[in-house]
Q: 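Structure provided below as structure tokens; questions to follow.
Numbered from 1 within each chain, the chains take letters A, B, ... in sequence-line order.
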Number of protein chains: 2
Amino acid sequence: MNGPDTFRQKRERMLSILAWFRLSRFYHQSIRRSNQHLKKWNMTVAQFDVLVQVGSNVRISQQDLADQLLVTKGNMTQLLSKMEQLGWIQREREWKIKYITLTDAGRELLDEVLPVQEQFQADQFGKLTIEEKKQLTALLKKIQS
Amino acid sequence: MNGPDTFRQKRERMLSILAWFRLSRFYHQSIRRSNQHLKKWNMTVAQFDVLVQVGSNVRISQQDLADQLLVTKGNMTQLLSKMEQLGWIQREREWKIKYITLTDAGRELLDEVLPVQEQFQADQFGKLTIEEKKQLTALLKKIQS
DNA sequence: TATCTTCAGTTTAATACTAAACTGATAAAA
DNA sequence: TTTTATCAGTTTAGTATTAAACTGAAGATA
């Protein structure tokens, strides 16, 4: 049953590719805008994402952080080293695990940036109605189910 | 009129953030899978995207290529240098513009990889029906309209 | 006790990507 | 004709990111 594609299959493939193209286009633009925006606080999107995750957990290990943010643990090591050096987070070793928490400075920074950046991020979806946002989320959720 | 957010505003912001989270999650996973897949041909997603764009145009300038792929021209210079070195593309200077075309080897490679990679990419949307794919594309289009 | 396994985190080498400064050629204006 | 503006492409310095190899500590097992 590995014959030539049917018309329907070709059509489906084309629709997927179109969707991917749109999605990737939007993602790139959005990331770039956010990075520009976060420059005011000398911060990158990757760092912001870490701050948010750490800020919303009492204590979280590096590995769990990497899993939640969908990056490799190697990437996490490097990000956290930089952020530790900047004085935003601290690492506490316990057994063989390193737990991450915000420093006071990190907490302060996050409190300042979070609402502004969230609004900025949200504005990128401004053309959609509430219903459409729900639809979009539902579709993306279904893709990965 | 800069008072505290209304309930509706908060709700809208939350929905946007959820959508962004889903989208970004999917994007990352998809890119990573594709990179793994393209490794068979010693190729990255960025290079594949360039090959496709160059392959579907008779002649395209570096700047136009960068615009179409939504990357900076600096990035394009580097990508193309590598790809030229690999013998996939060639640059022809005309006036002050450099036009890019596929070499025979590049064309051959693209012909081999394109259908497989497109199918691989499309499979990532496999959980969606035709209608849902259309919806997704329409929503993403609207966001950027 | 000695050795194996597992797993968190680190390191390394590579690509990707950006912003910003720079180069150099063309075209326009003085 | 000389100067200026514009614009394609390059370079540079920095962050992000990955895969894969490595380190080192716990715990299991022989």
Q: Strictly distance-based, threshold 3.5 Å: is any side-chain N or O of B:Ser145 a donor or acceptor partner for the main-chain N or O of B:Lys142?
A: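 Checking the backbone N and O of B:Lys142 against the side chain of B:Ser145, a donor-acceptor pair under 3.5 Å is found.
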Q: Atom pairs under 3.5 Å, N or O on each side, protein against nucleotides 26-28 of chain D: can you list them with distances?
A:
none

Q: Could you note down all residue pairs passing side chain to side chain donor-acceptor pair (under 3.5 Å) where residues 17-27 of chain A supplies at least one of them, sequence neighbours left out?
A: A:Tyr27-B:His28
Q: Side chain of B:Gln9, backbone of B:Thr6: donor and acceptor closer than 3.5 Å?
A: yes
Q: For residues 9-18 of chain A, which residue pairs qualify under salt bridge (charged side-chain N to carboxylate O under 4.0 Å, His left out), counting only residues two or more places apart or in two chains?
A: A:Asp5-A:Arg13, A:Glu12-B:Lys133
Q: Separation of A:Met83 atom CE from D:dA16 atom C1', in whole Å?
A: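 Computing the A:Met83:CE to D:dA16:C1' distance gives 13 Å.
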Q: So if I take residues 65-72 of chain B and measure heavy-atom distances to DNA chain D, which residues fall below 4.0 Å?
A: none
Q: Output yes when a side-chain donor or acceptor of A:Gln144 lies under 3.5 Å from a complementary backbone atom of A:Leu140, and no otherwise.
A: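 No, because the side chain of A:Gln144 does not come within donor-acceptor range (under 3.5 Å) of the backbone of A:Leu140.
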Q: In terms of relative ring orientation, are B:Phe125 and B:Phe26 parallel, tilted or perpendicular, with 30° and 60° separating the classes?
A: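 Ring orientation, 0 to 90° scale: perpendicular.
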Q: In chain order, what residues pass the salt bridge (charged side-chain N to carboxylate O under 4.0 Å, His left out) check against A:Glu131, with sequence neighbours excluded?
A: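 Salt bridge (charged side-chain N to carboxylate O under 4.0 Å, His left out) check on A:Glu131 returns A:Lys134.
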Q: For residues 66-84 of chain B, pull every pair meeting salt bridge (charged side-chain N to carboxylate O under 4.0 Å, His left out), keeping only residues two or more places apart or in separate chains.
A: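 Sorted pair list: B:Glu84-B:Arg91.
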Q: When you match B:Arg93 and B:Lys82 each to their closest nucleotide on DNA chain C, which lands nearer the 5' end?
A: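 Its nearest nucleotide being more 5', the pick is B:Lys82.
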Q: Quick one: B:Glu94 CD to D:dA8 C1', roughly how many Å, whole number?
A: 13 Å
Q: Between B:Leu65 and B:Gln53, which heavy-atom pair has the shortest distance, and what is it?
A: CD1-CB, 3.5 Å
Q: State, yes or no, whether a side-chain contact exists between B:Gln124 and A:Ser16 at a heavy-atom distance under 4.5 Å.
A: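 A side-chain contact under 4.5 Å is absent here.
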Q: Sorted by first residue and then second, give each salt bridge (charged side-chain N to carboxylate O under 4.0 Å, His left out) pair with at least one member in residues 26-51 of chain A; sequence neighbours left out.
A: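 Sorted result for residues 26-51 of chain A: empty, none.
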Q: Counting only N and O atoms by type, is there a donor-acceptor contact under 3.5 Å from the side chain of A:Asn35 to the main-chain atoms of A:Thr44?
A: no
Q: Under 4.0 Å from any atom of DNA chain C, heavy atoms only: list the residues of residues 22-46 of chain B that qualify, in numerical order.
A: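 Listed by number, they are B:Thr44, B:Ala46.
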Q: Under 4.0 Å from any heavy atom of chain B: name the first and the last nucleotide of DNA chain C that qualifies, 5' to 3'.
A: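 Both ends considered, the range comes out as C:dT15 to C:dA27.
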Q: Decide yes or no for A:Val50 and A:Leu80: does some side-chain heavy atom of the first lie under 4.5 Å from some side-chain heavy atom of the second?
A: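 Yes, their side chains come closer than 4.5 Å.
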Q: Who are the salt bridge (charged side-chain N to carboxylate O under 4.0 Å, His left out) partners of A:Glu118, not counting sequence neighbours?
A: none
Q: Taking A:Arg107 for its side chain and A:Gly55 for its backbone only, find out whether a donor-acceptor pair lies under 3.5 Å.
A: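 Yes, because the side chain of A:Arg107 sits within donor-acceptor range (under 3.5 Å) of the backbone of A:Gly55.
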Q: Please list, by residue number, the residues of residues 47-63 of chain B whose heavy atoms come closer than 4.0 Å to an atom of DNA chain D; answer none if no residue qualifies.
A: B:Gln62, B:Gln63
Q: Please report the distance, rounded to the nearest Å, between CD in A:Gln85 and C1' in D:dT15.
A: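 Value for this atom pair: 13 Å.
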Q: Using atom names, set out every protein N or O paired with an N or O of nucleotides 11-13 of chain D below 3.5 Å, distance rounded to 0.1 Å.
A:
none

